[in-house]
Amino acid sequence: AQSVTQPDIHITVSEGASLELRCNYSYGATPYLFWYVQSPGQGLQLLLKYFSGDTLVQGIKGFEAEFKRSQSSFNLRKPSVHWSDAAEYFCAVGVREYGNKLVFGAGTILRVKS
Amino acid sequence: DGGITQSPKYLFRKEGQNVTLSCEQNLNHDAMYWYRQDPGQGLRLIYYSQIVNDFQKGDIAEGYSVSREKKESFPLTVTSAQKNPTAFYLCASSMGQGAREQYFGPGTRLTVT
């Protein structure tokens, strides 16, 4: 069965420091992978996506992610975090067999300290 | 302004009552989805619909029902059979067959006491 693991429930970084959020997936075929961000009480906003091709993908707000097939990973990175990046981040895999439903990880809450 | 609207933002119901959550989109998307979010569990798929008058159960459909009579609308009914209905409910849409990314509405927080 498809699954997504985000090993870190909470991460705290200082403003201006670099960030890496980890994501591992389990899926039999070539995955469609996504990162979404959610502010408290709000919907989800798509940060970036990977379908095929270049394994380093760029997204909005200065985020990027790298797909590593050998490690079944799709880690999210940002070189310099801003206080406004504090939110919850979700990694997801798209399952083509079920109407492209998304299977989500449990999320990582990012705290930014000034 | 194109987007997905969910109403109301907050909903309170007594146990034993059915309640319907609204989801409307003006993106001309074919596919629509309902997810449930609980703290620490990510989002789980309840139902999805790829075209009008057709829908499929997701991973946690028990105690829920949907309809898809119009392309723009995909209401979710939380019935009294749902054992733990208190949650944050998110509606999403995508362009349709073959489309991959989904766009989310602002969510409805349902509290049942």
Side-chain angles (χ1 to χ4, degrees), chain A residues 1-10 21 23-27 29-53 57 59-60 65 67 74 87-109, chain B residues 3-10 23 25 27 29-51 54-61 66 68 74 87-111:
Chain A
Q2 312 85 12
S3 66
V4 175
T5 302
Q6 293 180 245
D8 304 303
I9 299 173
H10 297 100
L21 302 182
C23 171
N24 292 96
Y25 68 90
S26 173
Y27 185 55
T30 300
Y32 300 152
L33 295 162
F34 306 87
W35 275 99
Y36 285 87
V37 61
Q38 184 182 37
S39 297
Q42 304 298 316
L44 275 67
Q45 181 182 23
L46 180 65
L47 280 178
L48 48 76
K49 60 200 177 195
Y50 171 79
F51 298 152
S52 64
V57 294
I60 62 171
F67 170 59
F74 189 56
E88 189 161 16
Y89 292 79
F90 292 94
C91 181
V93 62
V95 181
R96 293 188 280 286
E97 296 81 3
Y98 292 97
N100 289 319
K101 75 169 185 178
L102 296 177
V103 173
F104 285 86
T108 297
I109 296 173
Chain B
I4 301 172
T5 56
Q6 292 186 243
S7 60
K9 179 89 173 151
Y10 299 96
C23 177
Q25 53 97 0
L27 300 167
H29 284 175
D30 288 315
M32 297 185 74
Y33 306 79
W34 274 106
Y35 292 89
R36 170 184 170 134
Q37 184 177 21
D38 297 282
Q41 292 194 47
L43 283 74
R44 293 177 290 166
L45 181 67
I46 304 172
Y47 268 97
Y48 65 98
S49 167
Q50 293 185 283
I51 55 171
D54 186 55
F55 48 82
Q56 308 294 331
K57 290 182 180 180
D59 300 315
I60 55 164
V66 294
R68 186 87 188 276
F74 191 41
F88 191 49
Y89 291 87
L90 288 151
C91 179
S93 70
S94 70
M95 285 185 65
Q97 197 149 0
R100 293 161 278 193
E101 61 262 46
Q102 295 177 20
Y103 298 91
F104 284 80
T108 292
R109 183 165 301 281
L110 173 65
T111 302

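First the proteins, then the strands, lettered A, B, ... as listed; each starts at 1. Side chains included, hydrogens not; waters and symmetry mates left out as well; all remaining heavy atoms used.
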- Query: In terms of heavy-atom proximity below 4.5 Å to chain A, should B:Asp38 be classed as side chain, backbone, both, or neither?
  - Reply: neither
- Item | Heavy-atom pairs under 4.5 Å with chain B, option from A:Glu88, A:Arg96, A:Lys49 with the top count | A:Lys49
- Message: On a heavy-atom basis, which atom in B:Leu43 and which in A:Phe104 lie closest, and how many Å separate them?
- Response: CB-CD1, 3.6 Å
- Task: Report the C-alpha separation of A:Leu102 and B:Tyr33 in whole Å, then their side-chain angles, then the decisive distance to 0.1 Å, and conclude whether the side-chain contact (heavy atoms from CB on, under 4.5 Å) test is met.
- Result: CA-CA 10 Å; A:Leu102 296 177; B:Tyr33 306 79; over 6 Å; no
- List the atom of A:Ala106, the atom of B:Gly40, and the distance in Å for their closest heavy-atom pair. CB-O, 3.5 Å
- Task: Please tell me if the side chains of A:Tyr36 and B:Gln102 come closer than 4.5 Å, counting only heavy atoms from C-beta onward.
- Result: yes
- Message: Shorter than 4.5 Å, heavy atoms on both sides: which option in A:Gly107, A:Gly94, A:Gly41 has the most such pairs with chain B?
- Response: A:Gly41
- Message: Restricting to non-hydrogen atoms, name the atom on A:Phe90 and the atom on B:Gln37 that form the minimum distance, rounded to 0.1 Å.
- Response: CZ-NE2, 3.3 Å
- Over all atoms of both residues, closest heavy-atom pair of B:Phe88 and A:Gln38: CE2-NE2, 3.6 Å
- Distance in Å, B:Leu90 CG paired with A:Gln42 CD, rounded so as to fall on 0.5 Å steps: 10.5 Å
